[in-house]
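All remarks here apply to the structure that follows.
Values reported hereafter were calculated over all heavy atoms of this structure, with side chains retained and with hydrogens, waters and symmetry mates removed. We number each residue from 1, following the sequence as shown.
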Amino acid sequence: MSTRVAIVCDQCGDLGNLGSTPHHARATLSGWSRLHGLDLCPLCRIIAENRARMASTA
């Protein structure tokens, strides 16, 4: 029996990838990022970056 790790977007719940370790699962994800300890899919990453940019200009 082998262990599988799922990388899931912490904002929307999108399944990114499965792997034997978190490092291996994240290695093949493109466009995903870790922001403040959260895994974010490409769309949620863009939204988070835009919110941060808008907050810094307000």
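- The OG atom of Ser33 lies 9.5 Å from the CD1 atom of Ile46; values are rounded to the nearest 0.5 Å.
- Heavy-atom contacts from other residues, nucleotides or ligands closer than 6.0 Å to CZ of Arg4 number more than 12.
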- Task: Under the side-chain contact (heavy atoms from CB on, under 4.5 Å) rule, what do Asp39 and Arg26 come out as? Steps first, then yes or no, please.
- Result: CA-CA 9 Å; Asp39 287 308; Arg26 285 187 186 98; 3.0 Å; yes
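- Here the shortest heavy-atom pairing between Asp10 and Gly37 reads OD2-O, 4.3 Å.
- No donor-acceptor pair under 3.5 Å is formed between the side chain of Asn17 and the backbone N or O of Ile7.
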- Message: Let's go through Leu35 and Arg45 carefully: what are the C-alpha distance in whole Å and the side-chain angles of both, what is the deciding distance for side-chain contact (heavy atoms from CB on, under 4.5 Å) to 0.1 Å, and is it a yes or a no?
- Response: CA-CA 8 Å; Leu35 183 63; Arg45 177 183 52 85; over 6 Å; no
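- Annotation: the span from Cys44 atom SG to Leu38 atom CG amounts to 10.5 Å, rounded to 0.5 Å.
- Under the 4.5 Å side-chain contact rule for hydrophobic residues, Val8 and Leu18 share a cluster.
- Taking both residues in full, the closest heavy atoms of Cys9 and Cys41 are given as SG-N, 3.4 Å, listed atom of the first, atom of the second, then distance.
- Contact between Trp32 and Gly16 at its shortest, heavy atoms only, is CZ2-CA, 3.3 Å.
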